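Shown next, in structure tokens, is the structure this report addresses.
Remember, it's a predicted structure, so these values are computed and weren't measured experimentally.
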There are 2 protein chains.
Amino acid sequence: MVKRTSFEGDSCPIARSLEAIGDWWSLLIIREALFGLRRFGEFQSKLGMAKNILSARLRSLVDHGILATAPASDGSAYQEYVLTPKGRGTFPILVALRQWSEEFDDHPEQIATVLVDREKGRPIRKLEMRAEDGRLLTPADTMVKLRPPPRRRSA
Amino acid sequence: MVKRTSFEGDSCPIARSLEAIGDWWSLLIIREALFGLRRFGEFQSKLGMAKNILSARLRSLVDHGILATAPASDGSAYQEYVLTPKGRGTFPILVALRQWSEEFDDHPEQIATVLVDREKGRPIRKLEMRAEDGRLLTPADTMVKLRPPPRRRSA
DNA sequence: CTTGTGTGGTTGCATCATAAAACCATATGC
DNA sequence: GCATATGGTTTTATGATGCAACCACACAAG
């Protein structure tokens, strides 16, 4: 079996995220969902992707608890796909991807949109990493540490 | 032509990011690179991936300006792959993925590591989106706006 | 009741990417 | 010179993707 190398049991949280949303379409579907889309046909026409793949992706996102199927809303007897809290929780990931593109893309003039805050209409700040005490951190200021074992109440 | 649907010309910055780092392995390679790995064999043994794919990914990352090949450093006459500033700029993306996993993973006990600040050894803060004036923003507080055209000096 | 049309999918097939292993090239140790 | 480790490329099988065609259901018109 060749199996596309699943990261399901991996202990790295990044790999685990990628397992759920690390493919080509999932994040774009989530982006559209955050933008307000809910119906199969809306996603399909907006993203221009094959319907079978959209179907498979939606199912996968539902399985991962990122989308949930709601019975309907306009009475159409069809399904709607709405973001769960877990799904809305991907927003910082999308923002980080967007800002990376804005900062480093070789052809930034081809980027058509800006993310702004609704109230003032001004671009949002760049995401920054801060320590618990508020110090601004660069990658070099951080390290990964083994997580302390989940100490059950003392044997 | 079936062609895996390139987003190269897409105007969405998220799609443009995914074009460069949206596949299964690229972000994991970058993660290891941020961790300090540089050599082909290091990546290969750490990630356990097929060498041909690693080769293709490294080449793609170099083409995208995320990695650069350095002639050597220990005199081995071989190549090293080091992150460019653009490559290091992906750090917030990795942090966002990590934090999403930490917050929403169905089996958080399987996550083995924590990202801490090197100085204090304490976990870093959750990324947050803020407006230009510092207000904390939720997804609902934001919207995408068409980028104003790049106004060349008045015709 | 039958037909038509739009939405929401599933199925089939051709093509592409991925994975595993074998193979090749260069450098180093003996 | 010969074995071995490193750094890849080639070969081949299989899974994933993309497109088009098809199917199922709801609703409306005739």
Side-chain angles (χ1 to χ4, degrees), chain A residues 1-10 15 18-29 32-33 36-64 67-82, chain B residues 1-10 15 18-29 32-33 36-64 67-82:
Chain A
M1 190 141 54
V2 183
K3 196 48 182 68
R4 207 197 148 101
T5 339
S6 165
F7 298 113
E8 206 165 355
D10 200 297
L18 293 177
E19 175 71 19
I21 55 173
D23 71 277
W24 284 74
W25 289 112
S26 294
L27 276 171
L28 296 177
I29 292 172
E32 297 304 329
L37 300 199
R38 298 166 159 245
R39 296 290 282 264
F40 187 96
E42 289 178 325
F43 290 111
Q44 207 268 319
S45 62
K46 192 81 194 308
L47 292 171
M49 65 193 293
K51 298 203 288 179
N52 53 350
I53 307 228
L54 175 57
S55 181
R57 284 287 156 272
L58 288 174
R59 195 167 15 218
S60 164
L61 290 170
V62 169
D63 287 347
H64 280 97
L67 292 176
T69 53
S73 83
D74 64 338
S76 299
Y78 287 119
Q79 283 186 344
E80 285 189 348
Y81 299 89
V82 295
Chain B
M1 191 143 51
V2 181
K3 196 46 182 67
R4 205 197 149 99
T5 338
S6 164
F7 298 112
E8 207 166 355
D10 200 297
L18 293 177
E19 175 71 19
I21 54 173
D23 71 278
W24 284 73
W25 290 112
S26 294
L27 277 171
L28 296 177
I29 292 171
E32 298 304 330
L37 300 198
R38 297 165 160 247
R39 297 289 283 265
F40 187 94
E42 290 178 325
F43 290 112
Q44 206 267 319
S45 62
K46 192 80 194 308
L47 291 171
M49 64 193 293
K51 298 203 288 181
N52 53 351
I53 306 225
L54 175 57
S55 181
R57 283 288 155 271
L58 288 174
R59 196 166 16 220
S60 164
L61 289 169
V62 169
D63 287 346
H64 279 97
L67 293 175
T69 55
S73 84
D74 63 339
S76 299
Y78 288 118
Q79 282 187 345
E80 286 188 347
Y81 299 89
V82 295

Q: Dump the intermediate steps for side chain to side chain contact (heavy atoms under 4.5 Å, CB included) on A:Arg38 and A:Tyr81, then the final yes or no.
A: CA-CA 5 Å; A:Arg38 298 166 159 245; A:Tyr81 299 89; 5.8 Å; no
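- Taking only side-chain nitrogens and oxygens, A:Tyr81 never comes nearer than 4.0 Å to OP1 or OP2 of C:dG8.
- Side-chain contact check for B:Thr69 versus B:Glu80: every heavy-atom pair is 4.5 Å or farther apart.
- A donor-acceptor pair shorter than 3.5 Å cannot be found between the side chains of A:Asp63 and A:Ser60.
- Residue A:Ile53 contributes atom CD1, which lies 16 Å from atom P of C:dT15 at whole-angstrom precision.
- Rounded to an integer number of Å, the gap from CZ of B:Phe40 to C1' of C:dA27 is 16 Å.
- For the pair A:Gln44 CD and D:dG18 C1', the computed distance is 12 Å after rounding to whole Å.
- Atom CD of B:Gln79 and atom P of D:dT6 are 17 Å apart (whole Å).
- Atom CE in A:Met49 sits roughly 15 Å away from atom P in D:dA20 (whole-Å rounding).
- Among the atoms of the strands shown, none is found under 4.0 Å from any heavy atom of A:Phe43.
- Checking B:Asn52 against B:Ser55 by side-chain atom types alone, no donor-acceptor pair falls below 3.5 Å.
- Residue B:Asp23 contributes atom CG, which lies 15 Å from atom P of D:dA16 at whole-angstrom precision.
- B:Glu42 contributes a side-chain N or O that, together with a main-chain N or O of B:Arg39, makes up a donor-acceptor pair within less than 3.5 Å.
- Here the P atom of nucleotide D:dG18 and the CG atom of A:Leu54 are 11 Å apart, to the nearest Å.
- Between the side chain of A:Tyr78 and the base of C:dG6, a donor-acceptor pair under 3.5 Å is found.
- Of the listed nucleotides (C:dG8, D:dT6, C:dT18), D:dT6 has the atom at the smallest distance from the side chain of B:Arg39.
- In this structure, B:Ile29 atom CD1 and D:dG8 atom P are separated by 12 Å, rounded to whole Å.
- Put simply, A:Trp25 has a side-chain N or O that comes within less than 4.0 Å of OP1 or OP2 on D:dG18.
- Applying the 3.5 Å distance criterion, the base of D:dG7 shares no donor-acceptor pair with the side chain of B:Asn52.
- Side-chain nitrogen and oxygen atoms of B:Arg59 include at least one within less than 4.0 Å of the OP1 or OP2 phosphate oxygen of D:dT9.
- Residue A:Arg57 places at least one side-chain N or O closer than 4.0 Å to OP1 or OP2 of D:dT17.
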